Protein chains: 2
Amino acid sequence: MNLRELSKRLNLSQTTVSRALNGYPEVNEETRKRVTAAAAEFNYRPNIRARTLATGRSMSIGHIIPFSKQNEMVNIVFADFIAGAGEIYAQHGYSMSLSLVRDEDELSAYRGVADKGAVDGIIVHSPARDDPRIAFLADLDIPFLVHGRASEVTTPYSWLDVNNKRAIETGTRHLLDLGHRRIGLINGEERMDFAQRRRDGYLAALSAAGIAPDSALMRSGEMSEPYGHLATQEMLDSATPPTAFVASSIVSALGIRRALHERGLVMGRDISVLCFDDEISYLPNGKTRPVFTAVHSSVRAAGRRCAELLIDQIAHPDHKIRTELWDAELAIGASTGPCP
Amino acid sequence: MNLRELSKRLNLSQTTVSRALNGYPEVNEETRKRVTAAAAEFNYRPNIRARTLATGRSMSIGHIIPFSKQNEMVNIVFADFIAGAGEIYAQHGYSMSLSLVRDEDELSAYRGVADKGAVDGIIVHSPARDDPRIAFLADLDIPFLVHGRASEVTTPYSWLDVNNKRAIETGTRHLLDLGHRRIGLINGEERMDFAQRRRDGYLAALSAAGIAPDSALMRSGEMSEPYGHLATQEMLDSATPPTAFVASSIVSALGIRRALHERGLVMGRDISVLCFDDEISYLPNGKTRPVFTAVHSSVRAAGRRCAELLIDQIAHPDHKIRTELWDAELAIGASTGPCP
DNA sequence: TCAGGCATCCAAAGCGCTTTGAAGTGATTC
DNA sequence: GAATCACTTCAAAGCGCTTTGGATGCCTGA
């Protein structure tokens with residue numbers, strides 16, 4: 001049952017039926033009732049593909065999600081970001097189209113996203129510092145927005161990011177204020193822009209306190225529980241172990257906690273732990289009394305806001321670039337205390 | 001630059017240009033070269049919307065992901081499932097379209113998925129026991145496959161599921177074999193089909209060992225770290241605390257571990273913990289020596305297989321229903337030991 | 001010489017919608 | 001009585017591709 005068929009049965013033109021169903025004003029109320037009744041009776045549902053071609057808009061937003069072949073990991077925060085963005089999309093009648101693209105894949109692998117007309121806009125996740133996707137998309141002349149930034153990219157582009165540097169700088173200063181002098185950093189992979197910025201924040205805080213960085217205290221790798229565990233073990237085994245840790249993710253922090261427990265160390269007393277907390281829904285840090293002292297910023301809220309910004313950008317292609325920098329907040333939890 | 005424009009410049013018909021670009025045999029090699037060269041030169045990319053309308057296939061698979069308003073959670077395993085499915089889709093030229101649908105939303109909220117022509121097939125996630133989506137989709141007459149099952153639904157449908165009952169039954173028996181008699185169950189929400197089946201497995205194992213179930217030892221709720229923590233605390237505070245726990249997820253198991261540590265209890269010695277492990281990429285349980293004794297089954301592999309089954313179903317709409325039941329494997333880790 | 005076959009290419013008809021521009025009603029106004 | 005207007009409705013032209021059902025020319029073999 002398509003529009004032509006339906007309009008024939010109603011003895012009306014396709015125009016009228018289409019307008020009746022889409023709520024246009026120039027159609028008699030009585031006619032509209034007849035039409036909607038018939039549509040329901042014959043179980044008519046418009047073909048979205050045809051509509052999409054006729055209107056020139058696909059009402060769909062693409063998400064490009066990198067995932068590394070190496071560790072077969074999708075970024076931890078992704079599910080919550082999507083949940084936030086999905087909420088906004090639903091409100092505006094958009095749907096969401098995903099492409100998981102391996103690190104090593106060609107840019108041409110953005111099938112279903114970069115294809116002309118497949119989506120009305122694109123959100124880019126977890127950019128690397130010199131992410132080639134950004135120039136590629138700018139060239140494609142399609143609205144897009146980056147969650148995060150790519151410091152080495154010179155093309156202008158829209159983005160929303162957390163002030164990662166300031167966040168970790170603040171967190172590290174908190175540990176310094178507690179008297180810690182040897183602070184371990186367990187970071188994400190530093191080709192990722194956010195990881196680089198977090199390291200910068202860590203270094204800035206040390207430097208402000210007049211402490212020389214020690215490369216033995218800085219690790220970067222996948223943000224998984226076992227990596228946090230491993231890195232902690234190794235640092236604690238050194239001759240001059242750290243008295244505190246800064247973790248780039250609450251997931252790595254879980255690994256730190258496990259390593260400390262195994263050695264009978266009490267978190268917040270013997271060793272302090274501070275982490276960046278994206279407020280992942282199934283790993284909440286506790287509202288009133290956080291388990292981990294953390295700088296936190298809701299990735300779900302970021303998803304919502306990115307969706308809003310992109311939709312706005314699609315609606316008004318005139319003023320192009322928009323950027324937003326969010327500050328993370330420090331919340332003191334049970335995992336930090338004065339340097340013993 | 002569209003097909004017509006391009007064919008004009010080449011002094012060829014649209015037919016020939018289209019065929020040249022899509023690799024049909026009935027076009028001169030020389031002409032094909034000219035065409036591909038011109039396509040590259042003018043940066044021609046076919047409009048996917050038009051193709052989709054002309055071919056009648058959207059080359060896109062929809063995923064319906066429920067998420068509960070209540071706890072604002074997207075199922076933990078979702079990201080890895082998607083990563084697996086996405087791999088297969090990429091191989092077959094499909095893209096992936098997501099709809100996050102709130103529990104309380106009407107079925108009509110499946111915009112962009114149930115819309116006619118938007119997708120060629122659908123994967124349904126985390127079905128409830130009487131999930132209304134299944135009958136709805138069967139009615140829509142579109143290929144779909146359920147990851148999991150819905151016991152109370154009578155309409156036949158395709159599915160892939162883990163044998164949740166047997167898995168937890170096996171796990172529970174392992175604890176019983178170690179001498180445990182009071183075993184706590186920390187389950188997911190039991191309107192979810194898998195949670196119900198896991199409870200069934202737990203009860204079956206107890207019953208086989210001649211142990212009467214104790215409702216004080218059975219909890220169900222969101223599969224988050226804090227819930228695991230809370231449930232454990234409460235059970236340990238009872239007059240007759242359990243000596244072992246069965247957790248429905250590795251995430252709840254993390255909460256159990258935290259609660260035990262807080263009380264100075266050693267996991268695997270004082271209290272045993274067994275969990276169901278979906279092999280989430282950033283919470284791996286350890287290959288050689290698992291942290292948790294667990295019944296495990298890869299949700300990423302499930303994603304891959306679901307994608308394969310659905311694509312096959314789309315290609316051969318004739319033999320309709322296909323089902324697959326996977327067995328989870330028990331792997332002994334460090335978290336279980338003889339009842340003290 | 002001509003039928004038949006092969007290799008290329010093409011015109012045109014969709015796919016199922018939206019939207020433009022125009023036209024058909026009565027009712028109202030001058 | 002003609003002109004104007006608001007309200008409805010419609011025919012038809014796209015949107016940009018794929019695909020059907022021929023054409024066209026050239027070569028082969030009888």
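Proteins get letters first, then strands, A, B, ... in listed order; numbering begins at 1 in each. On a predicted model such as this, the values are computed, not experimentally measured, just so you know.
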Rounding to a whole Å, what distance do you find between [X]:[atom1] and [N]:[atom2]?
| X | N | atom1 | atom2 | result |
| --- | --- | --- | --- | --- |
| B:Leu12 | C:dA11 | CG | P | 10 Å |
| B:Leu10 | C:dC9 | CG | P | 11 Å |
| B:Leu21 | D:dT19 | CG | C1' | 15 Å |
| B:Asn28 | C:dC9 | CG | P | 5 Å |
| A:Glu26 | C:dG21 | CD | C1' | 13 Å |
| A:Leu53 | D:dG14 | CG | C1' | 9 Å |

Kindly write out the residues that satisfy salt bridge (Lys or Arg N to Asp or Glu O under 4.0 Å) with [X], not counting sequence neighbours, or none if the list is empty.
| X | result |
| --- | --- |
| A:Asp278 | none |
| B:Arg57 | none |
| B:Glu41 | none |

Between A:Thr31 and A:Val27 (side chain of the first, backbone of the second, donor and acceptor by atom type, cut-off under 3.5 Å), is there such a pair?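 No: the side chain of A:Thr31 does not pair with the backbone of A:Val27.
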Using modelled atom types only, decide if a donor and an acceptor are shared between the side chain of B:Thr16 and the backbone of B:Leu12 within a distance under 3.5 Å.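 Side chain of B:Thr16 to backbone of B:Leu12: no pair is present.
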Any pair with a residue in residues 16-26 of chain B that passes salt bridge (Lys or Arg N to Asp or Glu O under 4.0 Å), sequence neighbours left out, goes on the list, sorted by first then second residue, please.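 Qualifying pairs, neighbours excluded: B:Arg19-B:Glu26.
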Assign A:Thr52 to base, sugar-phosphate, or nothing according to its heavy-atom contacts below 4.0 angstrom with the strands shown.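 No contact.
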Residues 136-149 of chain B side chain polar contacts: donor-acceptor under 3.5 Å, at least two apart:
| unit_1 | atom_1 | unit_2 | atom_2 | d |
| --- | --- | --- | --- | --- |
| B:Arg149 | NE | B:Asp161 | OD2 | 3.0 |
| B:Arg149 | NH2 | B:Asp161 | OD2 | 3.4 |

Report the residues that fulfil side chain to side chain donor-acceptor pair (under 3.5 Å) with [X], sequence neighbours left out, ordered by chain and then residue number.
| X | result |
| --- | --- |
| B:Glu30 | none |
| A:Asp120 | A:Ser58 |
| B:Arg322 | B:Asp312, B:His319 |
| A:Tyr44 | none |

Any residue in residues 32-40 of chain A with a heavy atom nearer than 4.0 angstrom to DNA chain D? Just list them by number, or reply none.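 DNA chain D contact set from residues 32-40 of chain A: none.
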Rounded to 10 degrees, the angle between the two terminal axes of the helix from C:dT1-D:dA30 to C:dC30-D:dG1, each from five pairs: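 Result, rounded to 10 degrees: 60°.
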Could you write out each protein N or O paired with an N or O of nucleotides 17-19 of chain C at a distance under 3.5 Å?
| unit_1 | atom_1 | unit_2 | atom_2 | d |
| --- | --- | --- | --- | --- |
| C:dC17 | OP1 | A:Tyr44 | OH | 3.2 |
| C:dC17 | OP1 | A:Asn47 | N | 3.3 |
| C:dC17 | OP2 | A:Leu3 | N | 2.6 |
| C:dC17 | O5' | A:Tyr44 | OH | 3.2 |
| C:dT18 | OP1 | A:Asn22 | ND2 | 3.1 |
| C:dT18 | OP1 | A:Arg51 | NE | 3.2 |
| C:dT18 | OP2 | A:Ser18 | OG | 2.5 |
| C:dT19 | OP2 | A:Tyr24 | OH | 2.9 |
| C:dT19 | O4 | A:Thr15 | OG1 | 3.1 |

